[in-house]
Peer 1: 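My structure is below; once you've seen it, I'll send some questions.
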Amino acid sequence: MDYQLTTQAEIAVKYINSTNRHVFLTGKAGSGKTTLLHYILRITHKNKAVAAPTGIAAINAKGVTLHSLLHLPFGTFIPENISIDPSDYRTQINTPESFLAQFKMNAAKRDLICNLELLIIDEVSMLRADMLDCIDLVLRTVRRNKSAFGGLQLLFIGDLNQLPPIIKNSEWNALQQYYNSAYFFEALALQQSTVVHIELDQIFRQSDPKFIALLNRLRDNKLSSTDIESLNGYYDKDYSKKEHEGYIHITTHNNKANQLNIQSLEKLDGTEKNYLAKIIGDFPENMFPIPENISFKIGAQVMFIKNDSSGEGRYFNGKIGEIHEMDENKITVKVKEPNDLLVVERHIWENKRYKLNKHLNEIEEQTLGTFSQFPLKLAWAITVHKSQGLTFNKAILDLSDSFASGQMYVALSRLTGLEGLLLSSKIPEISLENDEVLKTFEKNKPTSEILLSQLKDDRKNYVFDLSRKTFTLQQLLYAFQNHLQTFNIDGSRSIKQQYLNWTKEQQSKMIELHSVGSKFINSLTKYELASDYLRLLNERISKAKNYFVPLLETSYQEFNAHIKKISIQKKVKGYLKELEEISNLIKAKILEIDKIALLLEAATNNKLLTKKDMYTSEVYKKSHMLKTIVKKKKPTAEVSFELYQSGKSVEEIADERGLVPSTILGHLCQYIETGQVKAVDLLESEKLDQVCDVIKKTKSKLSSEIKAALSDDFSYADIKIAMAHDKLSSK
């Protein structure tokens, strides 16, 4: 897909790809922040992960939640070790000391975090300063780096003038002595590591300059009496007595929106048809992008909640239509712009996690579960909060009580133009409160000229720092040292002991290569002051690559041959694992050296290194032919089942595997259905019977409906166990 970058977007991409600076990417509603995010994900050469503060935001960003990625605590984080009396607070309070005392992260997740080069946080307007400071603590701890965020580059994306972070009075009482406000930029970690502030300044959703100017004044809390009078010209006191085909109500409260949708659906003749989502694997209820069960009638007004994934652009997120025809596998929607019938099939959302491919030293996505449902929802009404990111041609706005910061702006900015606006109530003469903290932060935003000037120095620092990091083999030496310490000098009969001398020879080669690398690193200093440093550095790195890569490839091949020789013997599992760890580190270093060479070559030619450039590199292609022996992995549910059979509890398994207990329960529920795990071993028999009775009475397959019929003593995990048991009983 071709994507034409605006000036500001191009600056943002350059900062992400060719520096290690933290970036705050913002922009008014409709300025293309999400589109730019997807572009960056597609082209960046960096190992990256996308995360968001909430489950729905994570699914929309095609990422994961910050809590699941970094094992963040719930509650409030105080960035100082002070004595806490829990009775003084109505919320859970965490300090660095109390959090780290219970913080656990398995080796695989630690490796992943250590190999990240870029962490993208979407919808950052919802991220609180205290949680960002906790993120800083996690990253510094796991990466063993005292720099802010453990030396990891962060890209923050969002519009702070829309929906702000939520903070209760009791939480603010604990935090106000540390922060001026709850916004992410107040985090103490950012005071020692400044953020590059880039605002996308081109609007794509609206084209009317008068409407854009009005939205800008509203965003900046500068709405005048004339503006309010102009907007109130779209008020219709008799709107409820008229038909408004193709309009959607935007209101401030969930109950209003739900009531309007239910009432409107009931008014239609015909039979209501239900569609139950198809859920495979692990997909938590709090991450459902749409209700598990949706119901429509012919003639129902609906809204698409996804862009057309076919690439044909038939519909977009927020497009309004009408149900024309329904069957089990497809729904036909009639739209007016253009006048057409669109056949819609189920869309698949994925619950992902990231993992490190040690062979290629790349962060990869792993699908834990999928949620398949039609990307449609009833669209007579929607809340302001859920409308964020959507685009409407026509909308009825109920703004009578939308005076929370940003709500009115979010609602109005969903529209493509004022001609599609209808107000159900007048906007009163109000004085919208200016947020001085936010105003001061935005005032310090640099111009494009300043950003471009800064970029030159930032890129220079980045390429020299990365060059030095790349040509040190210290991590490999540590690995050899740790490996040699495991040899048992008295164990002359062990297979491993027979290869002590071979291992020392390999270590000796690596020590010699590390010594050459150290000398090379020291030689780079003289190029930093040169005006043509890029050309000179490119030449030096290219020569260094030609020296280091062949030697490392030889070492890698020798390790692989040794692994192949050892793998056919018995009682060598631990030894093989140690060998593969070193082999993977050698391969990672080869790719790392190739990458810095490609980066310098691209920079010298005034180009950006992309993922495609890396994948077409001869060294990268060759790396696919130099693979260590890969063992076939067991399905994740089977691993949990075997650990359970060994006597471990759900919590112990979750801790060992770096997963949450609900995921482990989901795995075990598969074995409840086969009779290999007894439901009563995971849920008291009395509770199990009560849930099963409700399942029989309601005849429902929806956990949310079953939950509603039970008391608060029952969790969704209890219901999941009982539903699996019920399926076994029904066979």
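Just so you know, these numbers come straight off a predicted model, no measurement behind them.
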Peer 1: Taking the six-membered ring for Trp and the full ring for Phe, Tyr or His, determine whether the centres of F149 and H22 are under 6.0 Å apart.
Peer 2: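 Between H22 and F149, which both carry aromatic rings, the centre distance is below 6.0 Å.
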
Peer 1: We want to know whether S68 and T65 form a side-chain donor-acceptor pair, criterion being a heavy-atom distance below 3.5 angstrom.
Peer 2: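 Note: S68 and T65 side chains meet the donor-acceptor criterion.
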
Peer 1: Supply the atom-to-atom distance T486 OG1 to L484 CG, rounded to the nearest 0.5 angstrom.
Peer 2: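 With rounding to 0.5 Å, OG1 (T486) is 7.5 Å from CG (L484).
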
Peer 1: Any idea which heavy atoms bring L66 and A51 closest together, and the distance?
Peer 2: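 Between these two residues, the closest heavy atoms are CD2-CB, 3.6 Å.
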
Peer 1: Is a side-chain donor-acceptor pair under 3.5 Å present for E364 with N357?
Peer 2: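 A donor-acceptor contact under 3.5 Å links the two side chains.
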
Peer 1: Take R353 and E365 through the test salt bridge (Lys or Arg N to Asp or Glu O under 4.0 Å) and record every step on the way to the result.
Peer 2: CA-CA 6 Å; R353 76 172 172 190; E365 294 176 354; over 6 Å; no

Peer 1: Hey, what's the ring geometry for H562 with Y575, parallel, tilted or perpendicular (30° and 60° as the breaks)?
Peer 2: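 Ring orientation of H562 relative to Y575: perpendicular.
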
Peer 1: Is a donor from one side chain sitting under 3.5 angstrom from an acceptor on the other, for T194 and R21?
Peer 2: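 Side chains of T194 and R21: pair found under 3.5 Å.
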
Peer 1: Between T610 and H45, does the side chain to side chain contact (heavy atoms under 4.5 Å, CB included) criterion hold? Intermediate values first, please.
Peer 2: CA-CA 5 Å; T610 66; H45 63 82; over 6 Å; no

Peer 1: What distance do K595 atom NZ and D613 atom CG have between them, rounded to the nearest 0.5 Å?
Peer 2: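 Result: 12.0 Å between the selected atoms.
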
Peer 1: Is it true that Y527 and Y533 have ring centroids separated by less than 6.0 Å?
Peer 2: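 Not under 6.0 Å, so no.
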
Peer 1: Please name the pair of heavy atoms, one in S98 and one in T95, separated by the smallest distance, quoted to 0.1 Å.
Peer 2: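 Looking at all heavy atoms of both residues, the closest pair is OG-N, 2.8 Å.
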
Peer 1: For the backbone of S617 and the side chain of D594, can you confirm whether one donor and one acceptor N or O come within less than 3.5 Å of each other?
Peer 2: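 Pair absent, no side-chain N/O of D594 close to backbone of S617.
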
Peer 1: Please walk me through it: do K509 and E512 pass salt bridge (Lys or Arg N to Asp or Glu O under 4.0 Å)?
Peer 2: CA-CA 5 Å; K509 293 177 188 177; E512 186 178 338; over 6 Å; no

Peer 1: Take a 6.0 Å sphere around NZ of K62 and say whether it holds more than 12 heavy atoms from other residues, nucleotides or ligands.
Peer 2: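 Not buried by this count: 12 neighbours or fewer within 6.0 Å.
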
Peer 1: For E592 and K469, run side chain to side chain contact (heavy atoms under 4.5 Å, CB included): C-alpha distance rounded to whole Å, both residues' side-chain angles, the deciding distance at 0.1 Å, then the answer.
Peer 2: CA-CA 10 Å; E592 209 178 329; K469 176 176 175 284; 3.7 Å; yes

Peer 1: Would you mind reporting whether V13 and I40 have side-chain heavy atoms less than 4.5 Å apart?
Peer 2: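 Yes, close enough: below the 4.5 Å cut-off.
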
Peer 1: With a 4.0 Å cut-off, would you call D532 and R535 a salt bridge?
Peer 2: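 R535 and D532: salt-bridged.
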
Peer 1: Any donor and acceptor pair, going by atom type alone, linking the side chain of N145 with main-chain N or O of S147 inside 3.5 Å?
Peer 2: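 At least one qualifying donor-acceptor pair exists.
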
Peer 1: Nearest heavy-atom pair of L473 and M510: which atoms, and what distance?
Peer 2: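 Minimum heavy-atom contact is CD2-SD, 3.6 Å.
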
Peer 1: Kindly compute the distance separating CG (L643) from CD (E638), expressed to the nearest 0.5 Å.
Peer 2: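 These two atoms lie 11.0 Å from each other.
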
Peer 1: With salt bridge (Lys or Arg N to Asp or Glu O under 4.0 Å) as the test, would you mind laying out the steps for R140 and D136 before giving the verdict?
Peer 2: CA-CA 6 Å; R140 282 188 287 109; D136 168 60; 2.9 Å; yes

Peer 1: Could you go step by step and tell me if N560 and S583 meet the side chain to side chain contact (heavy atoms under 4.5 Å, CB included) rule?
Peer 2: CA-CA 7 Å; N560 273 2; S583 175; 3.3 Å; yes

Peer 1: For R143 and E117, run salt bridge (Lys or Arg N to Asp or Glu O under 4.0 Å): C-alpha distance rounded to whole Å, both residues' side-chain angles, the deciding distance at 0.1 Å, then the answer.
Peer 2: CA-CA 11 Å; R143 291 166 68 92; E117 297 171 277; over 6 Å; no

Peer 1: So, S515 side chain and I511 main chain: donor-acceptor pair closer than 3.5 Å or not?
Peer 2: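 It does not hold such a pair.
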
Peer 1: Could you go step by step and tell me if F185 and H197 meet the ring-ring contact (aromatic ring centres under 6.0 Å, His included) rule?
Peer 2: CA-CA 11 Å; F185 58 77; H197 189 157; 8.6 Å; no

Peer 1: Do L600 and K545 have side chains that get closer than 4.5 Å, going by heavy atoms?
Peer 2: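 Sidechains of K545 and L600: no contact.
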
Peer 1: Take a 6.0 Å sphere around CG of N522 and say whether it holds more than 12 heavy atoms from other residues, nucleotides or ligands.
Peer 2: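 Enclosed.
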
Peer 1: Is there a side-chain contact between V195 and V23, using heavy atoms and a 4.5 Å cut-off?
Peer 2: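 Result no, sub-4.5 Å side-chain heavy-atom pair not found.
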
Peer 1: Do E80 and Y178 meet the criterion of a side-chain donor-acceptor pair at a distance under 3.5 Å?
Peer 2: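 Yes, side-chain donor-acceptor contact under 3.5 Å.
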
Peer 1: Can you tell me how far the NZ atom of K46 sits from the CG atom of L155, to the nearest 0.5 Å?
Peer 2: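 Spacing of NZ (K46) from CG (L155) equals 10.0 Å.
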
Peer 1: Counting only N and O atoms by type, is there a donor-acceptor contact under 3.5 Å from the side chain of K109 to the main-chain atoms of K355?
Peer 2: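 Not a single qualifying donor-acceptor pair exists.
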
Peer 1: Taking salt bridge (charged side-chain N to carboxylate O under 4.0 Å, His left out) as the test, write out the residues that go with K48, two or more places apart.
Peer 2: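 With neighbours one apart ignored, the set is empty.
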
Peer 1: Does Q645 have more than 12 heavy atoms from other residues, nucleotides or ligands lying within 6.0 Å of its CD?
Peer 2: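 Result for CD/Q645: enclosed.
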
Peer 1: N17 and Y462: which non-hydrogen atoms are nearest, and at how many Å?
Peer 2: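 Scanning both residues, the minimum pair turns out to be O-CE2, 4.2 Å.
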
Peer 1: Measure from the ring center of F184 to the ring center of F24 and say whether it is less than 6.0 Å.
Peer 2: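 Yes - the distance between ring centres of F184 and F24 falls below the 6.0 Å cut-off.
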
Peer 1: How about F471 and F520: are their ring centres within less than 6.0 Å of each other?
Peer 2: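 So the answer is yes for these two rings.
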
Peer 1: Applying ring-ring contact (aromatic ring centres under 6.0 Å, His included), which residue pairs with at least one partner in residues 92-123 are found, sequence neighbours left out?
Peer 2: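 Residue pairs with at least one partner in residues 92-123: F99-F103.
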
Peer 1: To the nearest 0.5 Å, tell me how far N351 CG sits from I59 CD1.
Peer 2: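 Answer rounded to 0.5 Å: 5.5 Å.
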
Peer 1: Is the centre of the H667 ring less than 6.0 Å from the centre of the Y644 ring?
Peer 2: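 They do not qualify: ring centres at least 6.0 Å apart.
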
Peer 1: Can you tell whether the side chains of E10 and K14 come within less than 4.0 Å, N to carboxylate O?
Peer 2: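 Answer for the salt bridge query: yes.
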
Peer 1: Under 30°, 30 to 60°, or over 60°: which ring-plane class applies to Y615 and Y620, parallel, tilted or perpendicular?
Peer 2: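 Because their plane-to-plane angle lies in the 30° to 60° range, the rings of Y615 and Y620 count as tilted.
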
Peer 1: Do L119 and I121 touch side chain to side chain, with heavy atoms closer than 4.5 Å?
Peer 2: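 L119 reaches I121 side chain to side chain.
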
Peer 1: I need the minimum non-hydrogen distance between N115 and D111, along with the two atoms involved.
Peer 2: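 Closest pair (atom of N115, atom of D111, distance): ND2-O, 2.8 Å.
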
Peer 1: Under the side chain to side chain donor-acceptor pair (under 3.5 Å) test, which residues partner E581, sequence neighbours left out?
Peer 2: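 In terms of side chain to side chain donor-acceptor pair (under 3.5 Å), with neighbours along the sequence ignored, E581 is linked to K358.
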
Peer 1: Under a 3.5 Å distance rule, please check whether Y15 uses its side chain to pair with a backbone N or O of V196 as donor and acceptor.
Peer 2: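 Between the backbone of V196 and the side chain of Y15 there is no qualifying donor-acceptor contact (under 3.5 Å).
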
Peer 1: Apply side chain to side chain contact (heavy atoms under 4.5 Å, CB included) to the pair Q366 and Y354, showing each step before the final yes or no.
Peer 2: CA-CA 6 Å; Q366 182 180 31; Y354 293 102; over 6 Å; no

Peer 1: Is any side-chain heavy atom of L132 closer than 4.5 Å to one of I135?
Peer 2: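 They are in contact (side-chain heavy atoms under 4.5 Å apart), so the answer is yes.
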
Peer 1: Locate the shortest heavy-atom distance separating P53 from D122; write the atom from each residue and the value.
Peer 2: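 Nearest heavy atoms, P53 then D122: CD-O, 3.2 Å.
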
Peer 1: If only side-chain N and O atoms count, and only distance matters, is there a donor-acceptor pair under 3.5 Å linking Q506 with E558?
Peer 2: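 Present: a donor and an acceptor within the cut-off.
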
Peer 1: With no hydrogens and no angle check, is any side-chain donor or acceptor of T54 less than 3.5 Å from a backbone partner on A57?
Peer 2: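 The answer is yes, because a donor-acceptor pair under 3.5 Å joins these two groups.
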
Peer 1: Check the side chains of T470 and S467 for a donor-acceptor pair under 3.5 angstrom, ignoring hydrogens and angles.
Peer 2: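 The answer is no; no qualifying pair exists.
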
Peer 1: Salt bridge check, E553 against K587: does any charged N sit closer than 4.0 Å to a carboxylate O?
Peer 2: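 Salt bridge: no.
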
Peer 1: Output the distance between atom OG1 (T76) and atom CD1 (I93), rounded to the nearest 0.5 Å.
Peer 2: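 Here the rounded value is 4.5 Å.
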
Peer 1: Does the side chain of L476 come within less than 4.5 Å of L513's, by heavy atoms?
Peer 2: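 Of all side-chain heavy-atom pairs linking L476 with L513, none is under 4.5 Å.
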
